[in-house]
Student: 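Structure below; questions to follow.
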Amino acid sequence: MSDKSYSPIAIELEKDKKYAWCTCSHSSNQPFCDGSHRAHNKPPSLGFSVDENKEAFLCTCKRTDNPPYCDGSHNK
Ligand code: FES
């Protein structure tokens with residue numbers, strides 16, 4: 001199902017910093033977790049880090065097969 005209301009967010013990721021990607025879509029701090037999953041009884045965030053400073057496009061539609069990164073699924 002296409003949902004073009006979502007698009008990835010470009011983020012400058014810092015080497016070795018710990019990030020928490022929102023998996024439940026309720027966070028007000030997309031694409032990152034703000035703890036809202038607890039109130040909605042949803043699964044927790046996905047923790048990740050990167051090996052080098054880089055810009056990445058993080059998924060906001062939550063349908064990517066390569067979380068936390070956008071894989072174009074928001075266009076399908
Ligand atoms: S925003 Fe692109 S796959 Fe989710």
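Atoms within each ligand, like the ligands themselves, are counted from 1 in listed order.
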Student: Would you indicate whether the side-chain heavy atoms of Glu14 and Tyr19 approach each other to under 4.5 Å?
Tutor: yes
Student: Taking the side chain as every heavy atom from C-beta outward, state whether Ser49 and Lys17 have any atom pair closer than 4.5 Å.
Tutor: no
Student: Quick one: are the ring centres of Phe57 and Tyr69 less than 6.0 Å apart?
Tutor: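 No: the rings miss the under 6.0 Å criterion.
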Student: Would you indicate whether the side-chain heavy atoms of Pro67 and Trp21 approach each other to under 4.5 Å?
Tutor: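 They are in contact (side-chain heavy atoms under 4.5 Å apart), so the answer is yes.
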Student: Quick check on Asn41: does its CG atom have over 12 non-hydrogen neighbours (other residues, nucleotides or ligands) under 6.0 Å away?
Tutor: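 Open: at most 12 neighbouring heavy atoms sit under 6.0 Å from CG of Asn41.
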Student: Who are the residue neighbours of ligand 1 when the rule is a heavy atom under 4.0 Å from any of its atoms?
Tutor: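 Its neighbours under 4.0 Å (heavy atoms only) are Ser7, Pro8, Cys59, Thr60, Cys61, Thr64, Cys70, Asp71, Gly72, Ser73, His74, given by chain and number.
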Student: Hydrophobic clusters here meaning ILVMFWY residues chained together by side-chain heavy-atom distances under 4.5 Å, can you tell me if Ile9 and Leu46 are in one?
Tutor: yes
